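Take a look at the structure below.
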There are 2 protein chains.
Amino acid sequence: MPAEPSSALPASPPLTERQEARRRRILHASAQLASRGGFDAVQMREVAESSQVALGTLYRYFPSKVHLLVATMQDQLEHMHGTLRKKPPQGATAAERVAETLMRAFRALQREPHLADAMVRALTFADRSVSPEVDQVSRQTTAIVLDAMGLENPTPEQLSAVRVIEHTWHSALITWLSGRASIAQVKIDIETVCRLIDLTAPEADS
Amino acid sequence: MPAEPSSALPASPPLTERQEARRRRILHASAQLASRGGFDAVQMREVAESSQVALGTLYRYFPSKVHLLVATMQDQLEHMHGTLRKKPPQGATAAERVAETLMRAFRALQREPHLADAMVRALTFADRSVSPEVDQVSRQTTAIVLDAMGLENPTPEQLSAVRVIEHTWHSALITWLSGRASIAQVKIDIETVCRLIDLTAPEADS
DNA sequence: CGCTAATCTAGAACAAGTTTCAGACTTGAT
DNA sequence: ATCAAGTCTGAAACTTGTTCTAGATTAGCG
């Protein structure tokens, strides 16, 4: 298994070694600050200082705070996908496996609630200028869910169900992060939405 | 039928007439600016000027831009709930009626996409300090959906389904507003998630 | 090596959300 | 009518995201 991640961006100009190192330092600083105090604690000047880079350079690498945090999320997601791949969920049905996978991810986020806050808020606050990056996150999430379902060729109906699951996932996270829903409630909602999977299984076609 | 809306906030100190007028002017200015250019176009200094109120006063009425926009959303939601009540959806099943209601709301939002942008972005960007107000919006939305279902005493399962529908509603709106999903896709996702209602109907209990 | 274009740095400057403050105005109670 | 308390105003100040500029450094190339 080669080191190259499965789906990197078009990679317009290949980065030199030092540039790659800068990029890593920036993402690391971003995640570190986010872990401390969430979205507000990621201040561009501080990120620049922590990663030993001038402010202008930071903006050359990531054209806005939201871009930076979405990239941070891409980074974390790749991690998580790798982790999940090693220990696939054990449930008997696709719905169970997806729910189990999402709850596992949820528990990981609970360990770093501030980081989760920063990433999710950035993701939902992103405007059109960040669409490509947000889309990439969405594709990665879809891949994780489809992995859990064990599907190669999902039907359009199933894809819609997966989109709805992702919608619920993001929005439920937000309600939890802003203290309006308990962990138990998020769990219930995830389990509820996962029932859609059974409903859209090919043999259950209406 | 009295003028008092069904569920106002605790209403700590009752406002004088002039204060009520100020509050209305502010909300009106906010909605107007939002209709022009969305979230970014609602600039606190401009809102203050448009509503003939000092900046400090604006902040006394609404402690942050997000508070202001969430309050604007409450206002619009009350409007919409009233409109919907007059022409209840005609679908045969609860799922159809909910989907119809949400699509009607969606079409209303499409007429003012910038306003929708401002309100939805504020809603999902809100942090804990805005929780009470966001919760109020959520309750209002829940009321609209339950109205469409025609339910008096929903089961916990059904409430979870309604929450999932709201999650999908908000998140699907965001993907549409940020240009990552088409109107058709939003429609499909809404219809998909509404199928959950049938799944949680009391007689279909697992 | 020496040149050129691209990149990086430090720092100022700008934009918009938020806070603060002194003084003028309202309100409600006596 | 008058006083005290609370509210509103106008303006400045502060914070943090973002942009800009001039000069130093680096990378790639002949």
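Numbered from 1 within each chain, the chains take letters A, B, ... in sequence-line order. Owing to the predicted nature of the structure, the values given are computational and were not obtained by experimental measurement.
For B/Ser182, the side chain to side chain donor-acceptor pair (under 3.5 Å) criterion is met by no residue, not counting sequence neighbours. Legend: residues meeting side-chain contact (heavy atoms from CB on, under 4.5 Å) with A/Ala108, ordered by chain and number and at least two apart, are A/Met80, A/Arg111. The ring pair (Phe, Tyr, Trp, His ring centres under 6.0 Å) check on A/Tyr59 picks up nothing, with sequence neighbours excluded. Shown here are the ring pair (Phe, Tyr, Trp, His ring centres under 6.0 Å) partners of A/Phe39, two or more places apart in sequence or in another chain: B/Phe125. Every residue was checked against the side chain to side chain donor-acceptor pair (under 3.5 Å) condition with A/Arg24, not counting sequence neighbours, and none meets it. With sequence neighbours excluded, no residue forms a side chain to side chain donor-acceptor pair (under 3.5 Å) with A/Thr83.
Of the residues in residues 55-67 of chain A, those lying under 4.0 Å from DNA chain C by heavy-atom distance are A/Thr57, A/Arg60, A/Tyr61. Near DNA chain C, defined here as any heavy-atom distance below 4.0 Å, the residues from residues 19-46 of chain A are A/Gln19, A/Arg22, A/Arg45, listed numerically.
Using a 4.5 Å heavy-atom cutoff, the side chains of A/Asp127 and B/Asp117 are not in contact.
Legend: ring-ring contact (aromatic ring centres under 6.0 Å, His included) pairs involving residues 156-189 of chain A, not counting sequence neighbours, sorted by first then second residue: A/Phe106-A/Trp176.
In the model, A/Arg107 has no side-chain atom that pairs as donor or acceptor with a side-chain atom of A/Gln110 under 3.5 Å.
Distance CD (B/Glu17) to C1' (D/dC8): 18 Å, rounded to an integer number of Å.
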Task: Letter per nucleotide, 5' to 3', of nucleotides 23-30 of chain C [B base touched, S only sugar-phosphate touched, - untouched; heavy atoms, 4.0 Å] - done: ---SS---

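Atom NE2 of A/His28 is surrounded by 12 or fewer heavy atoms from other residues, nucleotides or ligands within 6.0 Å.
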Would you give me the side-chain donor-acceptor pairs under 3.5 Å for residues 44-52 of chain A, sequence neighbours excluded?
unit_1, atom_1, unit_2, atom_2, d
A/Ser50, OG, A/Glu46, O, 3.2
A/Ser51, OG, A/Val47, O, 2.5
A/Ser51, OG, A/Ala48, O, 3.4

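Across the helix from C/dC1-D/dG30 to C/dT30-D/dA1, the helix axis at one end is tilted relative to the axis at the other end by 20° (nearest 10 degrees, each axis from five pairs).
The shortest non-hydrogen separation linking A/Val162 to A/Leu146 is CG2-CD2, 4.0 Å.
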